[in-house]
Amino acid sequence: MPELPEVQTVVNGLKEDLVGDRITCITPIWEKVLSNFIPSDLFIKGRTTLIQDVTRRAKFIIIHFPSSILAIHLRMTGKLFFPVANHIPKHTTAVIKLDSRKKLIFHDTRKFGRIYLYNDLTPINERHGPEPLGKNFSVGWLHRALQQRKRNIKALLLDQSFLAGLGNIYVDESLWAAGIHPGSISNALPAARISRLHEAVQAILKAAITAKGTTIIDFSYLNGQNGRYTSQLRIFGRKGQPCITCGRDIEKIKVAGRGTYVCSRCQKKYTRGQSAPHQDRG
DNA sequence: CCATGAACCTGGTCGC
DNA sequence: TGCGACCAGGTTCATG
């Protein structure tokens, strides 16, 4: 699944091509792809589908019309691109036709991706936490929010209603950079680690956006090009390889139901509060 | 409130 | 070469 940097990359690429154009028709190839509307809903009550902007909120691609929005979620394997030579590939789940006669392809091997039609961003904002690169994501907020819960830190960082945009890759990278074991409990983290985590999340996401995201296995964005952040991954996908910092073999374990990469020497497991006199290692 | 596992889908990889 | 088991970047829902 594309995470925040991958979705941002798609948005950046689509924006110049879409703004000022107009959607004339959406054809679902896989019937479930349109989650909460049918194609004709786009045009009810004099709505126009002039594209005023293309932005990102959480992991959604948002196409803005004068009085409504389309929100596209790529989930695990979704891709949005202009086809080469007008060819509609296998696993296309929707075709979006534009006034310019271009066609935008929603391609999704696993068919988890969905397109939503809303009046505005309210339904999405209600279900999502702050943007990690926005000003509401401060160290103070993170500290308070972590203290208020007693929850596995990895599960919490993956929870979009807590913080929007992180996924499995960038959570593992961020926790490694902060020296926090993914099995830690949120309210047991010392302030110094929380500061490092805050710093790590922002630095990693910014670097990943600059690199146009990460590619593992099958993610690609516009026209099949891949992101370059793969070469900057420090922990994710490196099972059995030595930790860049300390040399210990990187382990792959299961946390919050997800495959998780960890260096058990660099990443400390906090489970019972900072002042616990002693704790066993993981 | 929190954790876990299943469900939604297809395809790739690995071991035998 | 074939086949079954398991895994995958996400999210939601039921259950304990």
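The chains referred to below are lettered A, B, ... by the order of the sequence lines, with proteins before strands, and numbering in each begins at 1.
Listed pair A:Q160 / C:dG10 fails the phosphate criterion, with no side-chain N or O lying under 4.0 Å from OP1 or OP2. Close to C:dT11, at under 4.0 Å from its OP1 or OP2, lies a side-chain N or O of A:H73. One finds no side-chain N or O of A:K111 lying less than 4.0 angstrom from the OP1 or OP2 phosphate oxygen of B:dC8. Residue A:K254 places none of its side-chain N or O atoms closer than 4.0 Å to OP1 or OP2 of B:dT4.
Using atom P as the reference point in both B:dA6 and C:dA5, the two lie 15 Å apart (nearest Å). Comparing C:dC6 with B:dG5, their C1' atoms sit 16 Å apart, to the nearest whole Å. Taking the P atoms as reference points, B:dC9 lies 15 Å from C:dC13, given to the whole Å.
Residue A:R149 has its side chain nearest to B:dC2 when only B:dC2, B:dC9, C:dA8 are considered. For A:K32, whose side chain is taken as the heavy atoms from C-beta onward, the closest listed nucleotide among C:dT11, B:dT10, B:dC9 is B:dC9. Picking from B:dC2, C:dG10, B:dT10 the nucleotide with the shortest atom distance to the side chain of A:N168 gives C:dG10. Checked against C:dT11, B:dC8, B:dC2, the side chain of A:R151 finds its nearest nucleotide in B:dC2.
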Report all side-chain donor-acceptor pairs from residues 81-98 of chain A shorter than 3.5 Å, counting only partners two or more places apart or in another chain.
from: A:T92; atom 1: OG1; to: A:P89; atom 2: O; distance (Å): 2.6
from: A:T93; atom 1: OG1; to: A:F106; atom 2: O; distance (Å): 3.2

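A straight line from CH2 of A:W30 to C1' of B:dC8 spans 9 Å, rounded to a whole angstrom. The interatomic distance linking A:L156 (CG) with B:dC1 (P) rounds to 13 Å, in whole Å. Rounded to an integer number of Å, the gap from A:Q147 CD to B:dC1 C1' is 17 Å. If you measure from atom CZ of A:F162 to atom P of C:dG10, you get 17 Å, rounded to the nearest angstrom. In this structure, A:L166 places its CG atom 10 Å from P of C:dT11, rounding to the nearest Å. Rounded to a whole Å, the CG atom of A:D159 is 9 Å from the P atom of B:dC2. Atom P of nucleotide C:dT11 and atom CZ of A:R57 are separated by 12 Å, given to the nearest angstrom.
Heavy atoms of A:K90 sit under 4.0 angstrom from primed sugar atoms or phosphate atoms, though from no base atom. Within 4.0 Å of A:N152, counting heavy atoms only, lie sugar-phosphate atoms of the nucleic acid but no base atom. Among the heavy atoms of the strands lying under 4.0 Å from A:G259 are primed sugar atoms or P, OP1, OP2 only; no base atom is included.
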Which atom pairs link the protein and nucleotides 12-16 of chain C when you take only N or O atoms and keep those under 3.5 Å?
from: C:dT12; atom 1: OP1; to: A:R127; atom 2: NH2; distance (Å): 2.6

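Note on ring orientation: taking the six-membered ring where Trp is involved, the planes of A:Y229 and A:Y170 are tilted (angle from 30° to 60°).
We find that A:K154 and A:D172 are joined by a salt bridge, their nearest charged nitrogen and carboxylate oxygen being less than 4.0 Å apart.
For the pair A:Q232 and A:A211, the tightest heavy-atom approach, listed with the atom from each and the gap, is NE2-CB, 3.8 Å.
Judged by distance alone, the side chains of A:R57 and A:N125 do bring a donor and an acceptor atom under 3.5 Å apart. There is no side-chain donor-acceptor pair under 3.5 Å between A:S68 and A:N119. Using a 3.5 Å distance cut-off with no hydrogens or angles, the side chains of A:K254 and A:T260 do not pair a donor with an acceptor.
In this structure A:Q241 satisfies the side chain to side chain contact (heavy atoms under 4.5 Å, CB included) test together with A:R238, sequence neighbours excluded.
Side chain A:R110 to base C:dA8: a donor-acceptor pair is found below 3.5 Å.
Judged by ring centres under 5.5 Å apart and planes tilted less than 30 degrees, A:F112 fails to stack against the six-membered base ring of B:dC9.
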